[in-house]
Engineer: 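The following block contains the structure, expressed as structure tokens.
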Amino acid sequence: MVDGLLGDLAEVVGPANVLTEADVVAGYAVDWTGRFRGSTPAVVRPGSTEEVAAVLRICNRAEVAVVPQGGNTGLVGGGVPLAGEVVLSLARLADLDDVDLADRQVTAGAGVSIGRLQVAATEAGLAYGVDLASRDTATVGGTIATNAAGLRALRYGDTRAQLVGVEAVLADGSVVSHLGGLVRDNTGYHLPSLLCGSEGTLAIVTRARLRLVPAFAERVVALLAFDAVGPALAAAAAVRSVLPSLDAAELFLHSGLELVTEVTGLPAPFPEPHVAYLLVEAADQLDPTDALASAIELLAEVADVAVAVAADPARRQRLWAYRERHTEAISSIGTPHKLDVALPASTLAAFVAEAVDRVHSLAPGARTWIFGHAADGNLHVNVTGLAPDDDRVDDTILRLVAFHGGSISAEHGIGTAKRSWLSLNRSDAEIRAFRAIKAALDPHGILNPNVLLPAAS
Ligand SMILES: Cc1cc2nc3c(=O)[nH]c(=O)nc-3n(C[C@H](O)[C@H](O)[C@H](O)COP(=O)(O)OP(=O)(O)OC[C@H]3O[C@@H](n4cnc5c(N)ncnc54)[C@H](O)[C@@H]3O)c2cc1C
């Protein structure tokens, strides 16, 4: 890369914010899982929307490709420079305005972490509806770019449902900003919806106006254990239909729980192992313990279920750890292939059994771990024991998902990992429309050019 270009970028953001030393940029060039590893001539760290605009103007003129990066917790290889792109780190866009109590909204910079946003909302007596285990590192910009969903999506929806307005910079450096926060605003195309889930291919998100939700002081968590996957999934649907205060319903299996307890040293939650576990949390203004107990009683009439309940924060957190520490435990034994998928409720249980069988017959040495957001039909199929570039299992599982009428990406996006399989879910006409939108907003194709859309043949 052209020293001249780096010099121009340094003039915009300051020399200290153009990182080029190999050991410094290395961390920006590998994803959270370690599966996707590339290289970059430079990491550029703008400190304002104006600086983002100036950086893009320079890169657009020179037709130099840029990969935006927030917290780098993405799981589909979408935020790392796999083809030698410049990394545009948005971490310094960390302004967080005061919470607007009248409108129950807040304006946040792209680099604000979800954890920090949640703390600010809580201090104002509200909450942010998107929560995920990567909360302390994942950013507002990254969660918008991936349309992250997470643990509370069954109640509050995904990031798109929180996004009232957005400020973003287009490839040519023009700034589009619509942060007024009006909930009723039908003045043309809804750019927040378009940019949400666009994985940095259409624009760089610099700020967002986000809706906040009521904070519930009273919470109770129950871990339910079942002797088969089907009843655990049926229980998620049943609890959802009778318990309006349901905040989360998370599935995991015996193999995953065993790994979590081995890796973390946590004690097993029940004296006997079970096949499948469902972690449910209810939250309300008044203590929801009795309502949750009634829902569990109904379940016990139709299935054998063992139950552990926690109301105080420390015990609730201990039960959550069995679910939330899956990702970390799996990564500790190898580099996983992560396949985040969604299926219709009627096919979920069959899919779990078939997925495990198919991986076993294709790669007998590999291990399959399945967990996820049960009430939304969103499962994370993780496979360890495969070479990073061995796509046979990815291909089989994604085709199985499509066969069952599911989506090959429930919440993590397409990234690099799944771009070759987009046509399983999207028709040629849809992909042509995607390419037309991309070409209109980014004619030189500088914004994250190697993700989401299949490589042009
Ligand atoms: C332990 C763990 C648990 C997780 N749990 C969940 C979960 O429950 N639900 C879920 O949805 N995800 C989950 N994830 C995945 C990940 O946290 C999300 O995808 C998150 O939205 C990524 O945010 P980030 O700031 O780290 O983005 P990055 O990883 O930095 O980037 C992700 C994508 O967004 C683009 N991007 C980043 N910032 C911008 C910007 N400002 N403008 C334009 N494009 C941008 C990048 O180019 C890339 O394509 C989890 C990850 C981990 C490690």
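One-based numbering, in listed order, for ligands and for the atoms of each. What's counted below: heavy atoms across the whole structure, side chains too, no hydrogens, waters or symmetry copies.
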Engineer: What protein heavy atom is closest to atom 49 (O) of ligand 1, reported as residue, atom name and distance in Å?
Structural biologist: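 I find the closest protein heavy atom is Gly78 O, 3.1 Å.
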
Engineer: What atoms in ligand 1 come closer than 4.0 Å to a heavy atom of His373?
Structural biologist: 8 (O)

Engineer: How far is atom 4 (C) of ligand 1 from its nearest protein heavy atom, and which residue and atom is that?
Structural biologist: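 Result: Ser134 OG, 3.7 Å.
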
Engineer: Could you tell me whether some N/O pair between Thr139 and ligand 1 is separated by less than 3.5 angstrom?
Structural biologist: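 Among all N and O atoms of Thr139, at least one is under 3.5 Å from an N or O of ligand 1.
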
Engineer: Using a strict threshold of under 4.0 Å (side-chain N to carboxylate O), is an ion pair present between Arg419 and Asp394?
Structural biologist: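 Result for this pair is no, no salt bridge flagged.
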
Engineer: Do Ile408 and Ile414 make a side-chain contact, defined as non-hydrogen atoms from C-beta onward lying under 4.5 Å apart?
Structural biologist: yes

Engineer: Do ligand 1 and Gly71 have nitrogen or oxygen atoms that lie under 3.5 Å from each other?
Structural biologist: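 So ligand 1 has an N or O lying under 3.5 Å from an N or O of Gly71.
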
Engineer: Who gets closest to atom 27 (O) of ligand 1 by heavy atom: Gly142, Gly150, Pro68, Gly141?
Structural biologist: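 Among Gly142, Gly150, Pro68, Gly141, the closest heavy atom to atom 27 (O) of ligand 1 comes from Gly142.
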
Engineer: Out of Thr201, Leu202, Leu453, which residue meets the side-chain contact (heavy atoms from CB on, under 4.5 Å) rule with Phe434?
Structural biologist: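 Filter result, single survivor: Leu453.
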
Engineer: Taking atom NE2 of His178 as the centre, does the number of heavy atoms from other residues, nucleotides or ligands within less than 6.0 Å exceed 12?
Structural biologist: no

Engineer: Among all protein non-hydrogen atoms, which one is nearest to atom 51 (C) of ligand 1, and what is the separation to 0.1 Å?
Structural biologist: Thr73 O, 3.4 Å

Engineer: For ligand 1, which atoms have a heavy atom of Val205 less than 4.0 angstrom away?
Structural biologist: 40 (C), 41 (N), 42 (N), 43 (C)

Engineer: Provide the number and element of each atom of ligand 1 under 4.0 Å from a heavy atom of Ala145.
Structural biologist: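 Contacts of ligand 1 toward Ala145, numbered from 1: 34 (O), 35 (C), 36 (N), 44 (N), 45 (C).
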
Engineer: Indicate yes or no for a side-chain donor-acceptor contact from Asp442 to the backbone of Leu447 under 3.5 Å, with no hydrogens or angles considered.
Structural biologist: yes

Engineer: Hey, is the main chain of Ser255 close enough, under 3.5 Å, to the side chain of Arg367 for a donor-acceptor pair?
Structural biologist: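 Side chain of Arg367 to backbone of Ser255: no pair is present.
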
Engineer: Within a radius of less than 6.0 Å around CG of Asp95, do more than 12 heavy atoms belonging to other residues, nucleotides or ligands occur?
Structural biologist: no

Engineer: Can a side-chain donor-acceptor contact be found between Asn448 and Glu199 if the only test is distance below 3.5 angstrom?
Structural biologist: no

Engineer: Check ligand 1 against Leu90 and write out every atom of the ligand that is under 4.0 Å from a heavy-atom position of the residue.
Structural biologist: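 Per the distance check, 41 (N).
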
Engineer: Please indicate whether Gln317 has more than 12 foreign heavy atoms, meaning atoms of other residues, nucleotides or ligands, lying under 6.0 Å from its CD.
Structural biologist: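 Result for CD/Gln317: open.
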
Engineer: Please check whether His380 reaches ligand 1 - meaning an N/O of the residue sits under 3.5 Å from an N/O of the ligand, judged on distance alone.
Structural biologist: no

Engineer: Might you confirm whether atom CZ of Arg37 has over 12 heavy atoms from other residues, nucleotides or ligands at distances under 6.0 Å?
Structural biologist: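 Result for CZ/Arg37: open.
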
Engineer: Could you check atom 19 (O) of ligand 1 against the protein and tell me its nearest heavy-atom contact, residue, atom and distance included?
Structural biologist: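 Of the protein heavy atoms, Thr146 OG1, 3.5 Å lies nearest.
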
Engineer: If we ignore hydrogens and angles and just use 3.5 Å, is the side chain of Asp340 paired with the main-chain N or O of His412 as donor and acceptor?
Structural biologist: yes

Engineer: Using atom types as modelled and distance alone, determine if a side-chain donor or acceptor of Asn17 lies under 3.5 Å from a backbone N or O of Ala10.
Structural biologist: no

Engineer: Going by the atom numbers of ligand 1, which of them fall below 4.0 Å from some non-hydrogen atom of Asn448?
Structural biologist: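 Listed by number with element, the hits are 47 (O), 49 (O).
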
Engineer: Provide, to 0.1 Å, the distance between atom 28 (P) of ligand 1 and the closest protein heavy atom, together with that atom's residue and name.
Structural biologist: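 Result: Asn72 N, 3.6 Å.
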
Engineer: Of all the non-hydrogen atoms in the protein, which one sits nearest to atom 12 (N) of ligand 1, and at what distance?
Structural biologist: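 Here the nearest protein heavy atom works out to His412 CD2, 3.4 Å.
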
Engineer: Going by the atom numbers of ligand 1, which of them fall below 4.0 Å from some non-hydrogen atom of Ala203?
Structural biologist: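 Close to Ala203: 43 (C).
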
Engineer: To check your reading of the model: name the closest protein heavy atom to atom 5 (N) of ligand 1, its residue, and the distance in Å.
Structural biologist: Leu132 CB, 3.9 Å

Engineer: Please determine if Gly74 has a nitrogen or oxygen closer than 3.5 Å to a nitrogen or oxygen of ligand 1.
Structural biologist: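 Indeed, backbone or side chain, Gly74 has an N or O that close.
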
Engineer: Donor-acceptor pair, distance only, cut-off 3.5 Å: does the side chain of Arg135 make one with the backbone of Ile114?
Structural biologist: no

Engineer: Which ligand 1 atoms does Gln69 reach within 4.0 Å, using its non-hydrogen atoms?
Structural biologist: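 Answer for ligand 1: 30 (O).
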
Engineer: Tell me, which protein residue and heavy-atom name are nearest atom 7 (C) of ligand 1, and how many Å apart are they?
Structural biologist: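 Answer, as residue, atom name and distance: Glu411 OE2, 3.4 Å.
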
Engineer: Compute the shortest N/O to N/O distance between Ala110 and ligand 1 and return yes if it is under 3.5 Å, no if not.
Structural biologist: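 It does not: no N or O of Ala110 is found under 3.5 Å from an N or O of ligand 1.
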
Engineer: Taking only heavy atoms of Gly70, which atoms of ligand 1 are found under 4.0 Å from at least one of them?
Structural biologist: 25 (O), 28 (P), 30 (O), 37 (C), 38 (N)

